[in-house]
2 protein chains.
Amino acid sequence: MSALAELPQLERRTLADTAYEALADLLASGRLAPGDRLSLRQSAAALGVSVMPVREAVSRLVADGVLEVAATRAIRVPIMTAQDFRALAETRMAIEGMAAARTAERRSEADLAAIRRAEAAFRAEAESARPDSAQAVRLNRDLHFAIYAACGLAPLHEIIARLWLKAGPVINLDLRAHPERLLQGFALRRHAEALAAIEAGDGPAAAAALAADIREAAEFIMSRGGLRDT
Amino acid sequence: MSALAELPQLERRTLADTAYEALADLLASGRLAPGDRLSLRQSAAALGVSVMPVREAVSRLVADGVLEVAATRAIRVPIMTAQDFRALAETRMAIEGMAAARTAERRSEADLAAIRRAEAAFRAEAESARPDSAQAVRLNRDLHFAIYAACGLAPLHEIIARLWLKAGPVINLDLRAHPERLLQGFALRRHAEALAAIEAGDGPAAAAALAADIREAAEFIMSRGGLRDT
DNA sequence: GCTAGTGATCTGTGATCACAGTTCGGGTGC
DNA sequence: GCACCCGAACTGTGATCACAGATCACTAGC
């Protein structure tokens with residue numbers, strides 16, 4: 001009988017869960033841009049299910065503020081104002097910086113190894129002859145979350161995941177349109193600083209590196225002027 | 001025609017929104033305790049609607065981690081382990097402390113007046129001859145959120161609201177069972193410290209006061225031993 | 001007396017239908 | 001030629017039905 005105890009709990013995945021992930025991926029990767037509309041029936045048809053699971057997925061995304069239902073009942077990706085985006089960036093700097101500081105102060109050797117691998121993977125892609133921007137976005141995300149996962153606070157990790165979902169459409173839409181920012185590699189410097197701080201166990205330095213990384217990316221996007229003012 | 005522009009956008013409230021608020025209130029006030037099960041059909045009947053709106057509300061609460069669907073497909077309030085609760089309290093100390101520090105550093109006079117009023121209201125209730133614990137819980141919440149609302153970052157405010165929803169069942173269930181903690185009034189001291197720090201514009205002191213308030217409440221509950229270990 | 005099984009009743013999940021309100025294109029009136 | 005209007009096709013929201021699986025009280029079997 002003890003052999004049965006070793007069977008893994010097989011995960012129960014509802015169609016709504018799958019639909020949520022599909023839509024979240026569309027948003028996080030910037031393929032759904034701010035202002036784009038989303039139809040329940042069309043999405044359901046594309047996913048090959050009825051509207052019910054899509055409806056549930058969308059209602060979660062609306063609760064997260066990643067989608068919104070307009071006054072006309074149309075579902076769309078919210079159009080962030082410059083002020084909204086700035087507040088989101090400041091919140092991310094504070095929270096993600098805090099998570100990085102905690103990681104620096106209590107990371108295990110295994111954590112450190114995972115972070116080193118992620119940093120190397122991103123660097124390799126960014127410095128390659130022909131970097132794939134979609135792949136670079138993924139690797140950048142992997143590196144950031146390798147750091148956050150090691151902070152030791154699961155609720156904090158979840159909060160950051162939600163913040164990324166919210167910022168995703170704006171950031172990655174911009175990146176798809178202007179991939180040259182990656183090539184200039186000024187994320188690379190901040191990543192190296194963060195890694196060094198985490199290796200040294202220097203919390204404040206790790207927080208500063210992450211905050212700088214986020215601030216610079218946000219300033220770059222805002223200087224582009226693609227965000228409305230009011 | 002310009003007079004029409006001053007009409008307030010009347011909010012579109014779906015039944016699902018109403019159901020969400022009703023359930024959230026049940027959870028935040030501790031009337032739904034960890035481990036309690038929730039039936040969609042029974043809830044729908046109690047609210048006088050079909051299962052659809054309840055379903056949507058529950059799916060949002062599940063996404064927030066405030067409810068969970070067990071492996072047997074039963075919906076229930078998650079049973080937090082002592083470790084879970086400690087991690088949640090630590091996250092709250094960090095994030096709510098940060099919000100309080102921002103408030104101290106940039107609060108307007110109007111913010112300060114609102115916080116003073118909320119502090120006085122809570123104090124009056126806690127020091128009254130026969131304090132009403134439900135009312136005290138509400139006033140405590142009002143005071144905390146008066147502080148967080150003045151931090152200037154809307155996303156941070158939303159994050160804290162979600163954290164309170166998650167902690168609500170544990171904290172308020174305990175408070176309903178043992179209201180004497182309120183009477184000892186050691187929240188009062190922390191509140192006074194926070195108010196003084198915000199008046200003085202001292203960010204670190206405000207963060208410390210809030211963190212101490214949260215830590216002491218959490219330690220009190222954990223010392224009670226009502227939480228499972230693993 | 002206690003266990004194993006069995007059927008009625010509950011559960012959440014998904015599909016389908018109904019409805020009010022919105023959008024949009026194609027005409028008709030001027 | 002242009003503004004208006006009307007209707008078809010769409011939108012999200014809510015109710016209802018269908019279904020597989022879980023629960024639980026109860027009984028048959030040893």
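Quick note on labels: first sequence line is chain A, next is B, and so on, each numbered from 1.
Between A:Leu15 atom CG and C:dG14 atom P there is a gap of 4 Å when expressed in whole angstrom units. A:Asp17 places its CG atom 15 Å from the P atom of C:dG12, with the value rounded to the nearest Å. Per the geometry, CE belonging to B:Met52 stands 12 Å off C1' belonging to C:dT16, to the nearest Å. When rounded to the nearest whole Å, the span between CZ of A:Arg41 and P of C:dT16 equals 12 Å. Atom-to-atom, CG of A:Leu40 to P of C:dT16 comes out at 15 Å; the value is rounded to the nearest Å. To the nearest angstrom, P of C:dC10 lies 17 Å from CD1 of B:Ile75. In this structure, B:Arg37 atom CZ and D:dT23 atom P are separated by 7 Å, rounded to whole Å. Atom CD of A:Glu56 and atom P of D:dT13 are 13 Å apart (whole Å).
Note on B:Ser39: a side-chain N or O is less than 4.0 Å away from OP1 or OP2 of C:dT11. Look at A:Gln42 and you won't find any side-chain N or O under 4.0 angstrom from OP1 or OP2 of D:dC10. Look at A:Ser50 and you won't find any side-chain N or O under 4.0 angstrom from OP1 or OP2 of C:dT16. In this structure, A:Thr72 reaches the C:dT23 phosphate: one of its side-chain N or O atoms is under 4.0 Å from OP1 or OP2.
Distance from the side chain of A:Val51 is smallest for C:dT16 among the nucleotides D:dA15, C:dG14, C:dT16. Of the candidates D:dG14, C:dT13, C:dG14, the closest approach to any side-chain atom of B:Arg73 belongs to C:dT13.
Under 4.0 Å is where a charged nitrogen must lie from a carboxylate oxygen, and between A:Arg86 and A:Glu90 no such pair does. Under a 4.0 Å N-O distance rule, the pair B:Arg162/A:Glu158 does not qualify as a salt bridge.
A:Ala89 approaches A:Ile214 most closely through the heavy-atom pair O-CG2, 3.9 Å. Nearest heavy atom pair, residue B:Gly97 against residue B:Leu210, reads CA-CB, 4.3 Å.
The base of D:dG12 has none of its N or O atoms less than 3.5 Å from a complementary donor or acceptor on the side chain of A:Arg55.
Between the side chains of A:Ser39 and A:Arg41, not a single donor N or O lies within less than 3.5 Å of an accepting N or O.
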